[in-house]
Amino acid sequence: MNFEIEAFDNDTKARAGEITTSHGKIKTPIFMPVGTLGSVKGVNQRDLIHDVKAQIILGNTYHLFLRPGMETIQMAGGLHKFMNWEKPILTDSGGYQVFSLAENRKLKEDGAHFSSHIDGSKHIFTPENVVDIQRIIGADIIMAFDECTPYPCDYDYAKKSMQLTHRWLNRGIKRFEETDPMYGYNQSFFPIVQGSVYNDLRIESAETIASYESDGYAIGGLSVGEPVDEMYDMIDVVNEILPKNKPRYLMGVGTPVNILEGIARGIDMFDCVMPTRNGRNGMLFTRDGIINIKNVKWKNDFTPIEKNGASFVDESFSKAYLRHLIVSKEILGAQIASLHNLSFYLWLVTEARNRIIDGSFAKWKNEMIQKLAVRL
RNA sequence: GGGGAGAUACCAAAGUGGCCAACUGGGGCAGACUGUAAAUCUGCUGUCGUAUGACUUCGGAGGUUCGAAUCCUCCUCUCCCCA
């Protein structure tokens, strides 16, 4: 994997670049639609490429490991072939699942012991077997196994957790270096910064992570409920330390505003379930603000979902029609909303990239942030 | 013509003397959702701008009772069965 920075913004820390993977190039900054189970919920692969213009998507180690299971994925020849997706894939390691499925998990030095949410069967994830699993999945970018601390999180726990994540990182990298890709193309391994909302922990973690030579670096443990200003502060602190010439991935973020603020702070990659999940639940992100399409005020509004929007659905269907579909729980409603939101997110980062290159990013970003916060 | 059952809030449906402004569903309205156990979850849904408060409700009109959606009388309407 290679990363070329094409332009730095003059007014902010934003950068525009290009990642080259075995499955093609990724223009950054980029938003990566989340496809946990080998499916971006509600959007098929063809639309992802041609309408959303997704350049890379996510898969999830935890979910794919439990179902369909590694035997199936391996027999298919990896996740790319299984889901017929020829562009890059990044897999999350399952660290977030261990955090969000708190009820059944037990963290030990060797790894995370947990019960399947599907059938209750007991499993263990270790830094090593998570690498092995991601080798089988065959993602272009695989993630270290970390603990994503909740918020709030007291200092002592955050520190111990971070140290555990670092020890796990060391083991994960070792396993990654000892093993080879299974399908004839390269994979990259991203370590993850933790440290909750504590400056000194974030600094220590970023320095530890940066000491490993890697194709890219991730920031985890944010957007878990902390005030956004704390999140922005942590990004600033960490990005001072992470290598300037490597992609930085802010995990799980976020709202359109979060993404613009992240870009301005030097983040290159984002992922979030928000455009799809919130879309399914009736929230639409547009250039003029947020629409709750379920609200009765759209009932007889026959104007397009979004004039000059990023997706074909924006002009094809009216707000009144989409509202009807969502309110009626029609599957098509979820599909249209997901397509719209993802297209908007991809438009947003593409436009940011263009603005960074032509030097108008800072002004544009501030104008957009004003508009994006509006509730229509 | 004969016999039977029933009318409760937007709909469906509990409740058959006080704990009932009335269970529960649905519908409606609003909110939440950030590395997806989420096509999910939460709140409100008689009126009074808030309320451990006030007021008006259970087909209609009377009545019994300290007290009625619940008991009695009459009326209106609906449904079912037999001719």
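Keep in mind the model is a prediction, meaning the values are calculated, not measured. In what follows, chains are A, B, ... by sequence order, proteins preceding strands, each numbered from 1.
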[X] vs [N]: side-chain N/O to OP1/OP2 distance below 4.0 Å:
{"X": "Asn60(A)", "N": "U36(B)", "value": "yes"}
{"X": "Gln97(A)", "N": "G35(B)", "value": "no"}
{"X": "Arg277(A)", "N": "U34(B)", "value": "yes"}
{"X": "Arg375(A)", "N": "A32(B)", "value": "yes"}
{"X": "Asn292(A)", "N": "G31(B)", "value": "yes"}
{"X": "Ser223(A)", "N": "U34(B)", "value": "no"}
{"X": "Thr276(A)", "N": "U36(B)", "value": "no"}

Determine the Euclidean distance between corresponding P atoms of C19(B) and C41(B); express it in Å to zero decimal places.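 After rounding to an integer number of Å, I get 33 Å for this pair.
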Rounded to whole angstrom units, what separation is found between the CE atom of Met251(A) and the C1' atom of G35(B)?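 To the nearest whole Å, that distance equals 4 Å.
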Would you please name every residue forming a side chain to side chain donor-acceptor pair (under 3.5 Å) with Glu6(A), sequence neighbours left out?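 Partners of Glu6(A) by the side chain to side chain donor-acceptor pair (under 3.5 Å) criterion, ordered by chain and then number, come out as Arg353(A).
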Would you tabulate the side-chain donor-acceptor contacts of residues 260-270 of chain A under 3.5 Å, counting partners in other chains and residues two or more places apart, or write 'none'?
| residue | atom | partner | partner atom | Å |
| --- | --- | --- | --- | --- |
| Glu261(A) | OE1 | Arg265(A) | NH1 | 2.8 |
| Glu261(A) | OE1 | Lys365(A) | NZ | 3.2 |
| Arg265(A) | NE | Asp236(A) | OD1 | 3.4 |
| Arg265(A) | NE | Asp236(A) | OD2 | 3.3 |
| Arg265(A) | NH1 | Glu261(A) | O | 3.1 |
| Asp268(A) | OD1 | Arg15(A) | NE | 2.8 |
| Asp268(A) | OD2 | Arg15(A) | NE | 3.3 |
| Asp268(A) | OD2 | Arg15(A) | NH2 | 2.8 |
| Asp268(A) | OD2 | Arg248(A) | N | 2.9 |

Going 5' to 3' along nucleotides 24-29 of chain B, which nucleotides have protein heavy atoms under 4.0 Å from the base (write B), which only from the sugar-phosphate (write S), and which from neither (write -)? ----SS
Distance-only, no hydrogens or angles: does the Gln187(A) side chain make a donor-acceptor pair with backbone N or O of Gln134(A) under 3.5 Å?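 Checked: pair present.
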